[in-house]
Every structure is written in C-alpha cells, then in structure tokens.
Amino acid sequence: MGLLEVAANSVASAFAAQEGGAHRVELCASLDEGGITPSHGTIRLAREGLRIPLYVLIRPRSGDFLYENDEVEAMIDDIEHCRKLGCAGVVVGALTAEGEIDVDTCERFIEAAGPMGVTFHRAFDLLPDRSEALETVIDLGFERVLTSGGMSSAVAGAGPLARLVAQAAHRIVVMPGAGIDPENIVALRETTRAREFHASAKRRLPSAMRRVPADTLGMGGGETRTDVATVRALVKALA
C-alpha cells in the first residue's frame, strides 16, 4: 500500500483531502505559482481541524530558491510558528547562487523545526547532480525529498526517480510529485518502487457569488480546490 500526500491550497482543500482519504496534507497558498507559505490563520485552522498529519510549505515567495537574509529569518519564524501549533512537519529548501544546496541555511531550517519532520521540496529538481544532492539531503537530516526526477512531471521522470529510490535505500523517502493522477499512479509506483506520492488532486470550482460583474479585472472567477473524488481515486489506486 502506498501513502498519498495532497497539496492543499486552503483550509477547505485540506479538509477535502482528509475526507477523500489522504494520509497527509501539505498546506500552501498560491498553488498555481508553485506554492508559498500560507497565512498563520490558515495554518492554525487547518491544524485544529485535521486528524491526519499536517506539513506546511515554507516558501516566502514564488521564483527561485536563493534567499536573502531577511527572507531566511522570516522562514525560520514561520517554521517556529508551525512547531508551536503542533504541526507534524514543514516543507522547505534553499539553494546557493551557484545552484547547489545551501547547506548552512538548510541546517538552520532543520534546527528551527526541532521535533517536526522536514521535507526538502522540488528545489531539488533544479540541482545539476541529483544523485550527489540526495546524499547531501540525507546528511542534513531531511526525512523526505519531493521530486519529479528533474523532469516536468513524475511520469516523465520515472527512470531518474527509480534510480533515486534505489540509491536512497530506505535512508530517506523519495516522494514522486508533479502530474500524478489516478490513471498513472499505479504504473508510476511499479516503475519507481516509491512508497509515498504527492498530488494536488485539484479542480476549478465556479464562483458561488450570485452577482458577479463582467470579469474584466480577472477577479470574478471561482477557486481551485482539492477534489474529494480525485483523492479517493488516488487512494484506491494505491491500496
């Protein structure tokens, strides 16, 4: 049986993931931009309402993963906030100007997390030598790495993912993510031998507003939310 983590972009999405049978939630905001840190209020409400483990994405902005000192301090503050709320873990990462893992900054993140679990996010896919980077992530003490194998989707990166899973040899969890759906997750598990998988399982909802003016400003549409039925189908496929 495989484990399913769902990327949830709101409290409502987090609860939908739980209703669908997800085993863990990664909470974020602005999922369409690759995800950034959700608000403190969003984290608190999700933590209070979830019975499954909650991990929170710690990413102060979209774009690259080279962070200035003030951004690092803000990230550490967010990590400490998650720890105080009793979250199960955080999802984080940082790179140097040369595109390598920022070991010193990641050590600070690990220290701030304390007893929480820590996942290295898809900044891993930007690294030129992911085999070497995997050993660095293991040495730093991360428990998991989220990756598409350096490709646009986990399916396209199935070969590299399988090699990373074999290299990890149970020292760290290699969790495929990006483009995973109920139709491809079984084949991906068989090819990669991964045990945990990451999916957004999202769909676009129409606006519930009864009166919406012409959407010339691009603000009158509905929201993107985790779809309970898709989560259920993913969980069933992994059973």
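Index from 1, following the sequence.
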Which heavy-atom pair separates [X] from [Y] by the least distance, and what is that distance?
{"X": "I76", "Y": "A112", "result": "CG2-CB, 4.0 Å"}
{"X": "V90", "Y": "A113", "result": "CG2-CB, 4.4 Å"}
{"X": "L31", "Y": "N9", "result": "CB-CB, 3.9 Å"}
{"X": "T224", "Y": "S13", "result": "O-OG, 4.3 Å"}
{"X": "A168", "Y": "V174", "result": "CB-CG2, 3.9 Å"}
{"X": "A237", "Y": "V186", "result": "O-CG2, 3.4 Å"}

Step-by-step side-chain contact (heavy atoms from CB on, under 4.5 Å) determination, V56 to L54: CA-CA 7 Å; V56 178; L54 172 64; 4.2 Å; yes

Residues forming a side chain to side chain donor-acceptor pair (under 3.5 Å) with R130, sequence neighbours excluded: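 Scan of R130 (side chain to side chain donor-acceptor pair (under 3.5 Å), adjacent residues dropped) gives none.
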
Verify same cluster id: L57, Y55 (apolar side-chain graph, 4.5 Å):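 Same cluster.
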
Cluster overlap I36 with I43, hydrophobic side-chain contacts below 4.5 Å: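 No, I36 and I43 fall in different hydrophobic clusters.
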
Is it true that a side-chain atom of [X] and a backbone atom of [Y] form a donor plus acceptor pair closer than 3.5 Å?
{"X": "T192", "Y": "A162", "value": "no"}
{"X": "D181", "Y": "N184", "value": "yes"}
{"X": "R144", "Y": "M175", "value": "no"}
{"X": "Q18", "Y": "R51", "value": "yes"}
{"X": "T37", "Y": "R59", "value": "yes"}
{"X": "H121", "Y": "V91", "value": "no"}

What's the separation between atom [atom1] in [X] and atom [atom2] in [Y], rounded to the nearest 0.5 Å?
{"X": "F65", "Y": "L126", "atom1": "CZ", "atom2": "CG", "value": "6.0 Å"}
{"X": "D139", "Y": "E107", "atom1": "CG", "atom2": "CD", "value": "10.5 Å"}
{"X": "L188", "Y": "L161", "atom1": "CG", "atom2": "CG", "value": "6.5 Å"}
{"X": "L140", "Y": "F120", "atom1": "CG", "atom2": "CZ", "value": "8.0 Å"}
{"X": "E100", "Y": "L95", "atom1": "CD", "atom2": "CG", "value": "8.5 Å"}
{"X": "L4", "Y": "L238", "atom1": "CG", "atom2": "CG", "value": "6.0 Å"}

Give a yes or no on whether a salt bridge exists between [X] and [Y], defined as a side-chain N under 4.0 angstrom from a carboxylate O.
{"X": "E135", "Y": "R171", "value": "yes"}
{"X": "K84", "Y": "E80", "value": "no"}
{"X": "E33", "Y": "R61", "value": "no"}

Side chain proximity check, Y67 to P60, heavy atoms < 4.5 angstrom: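 The answer is yes; the side chains approach within 4.5 Å.
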
Side chains of I185 and F197 in contact at under 4.5 Å (non-hydrogen atoms):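 I185 reaches F197 side chain to side chain.
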
Check against side-chain contact (heavy atoms from CB on, under 4.5 Å), V92 and F142: CA-CA 10 Å; V92 71; F142 284 88; 4.1 Å; yes

Do [X] and [Y] get their side chains close enough for a donor-acceptor pair, meaning under 3.5 Å?
{"X": "D125", "Y": "T147", "result": "yes"}
{"X": "R24", "Y": "H198", "result": "no"}
{"X": "Q167", "Y": "S131", "result": "yes"}

Test log, rule side-chain contact (heavy atoms from CB on, under 4.5 Å), inputs C106 and I101: CA-CA 8 Å; C106 287; I101 293 175; 4.1 Å; yes

V145/V173 under side-chain contact (heavy atoms from CB on, under 4.5 Å): CA gap, chis, key distance, verdict: CA-CA 6 Å; V145 58; V173 174; over 6 Å; no

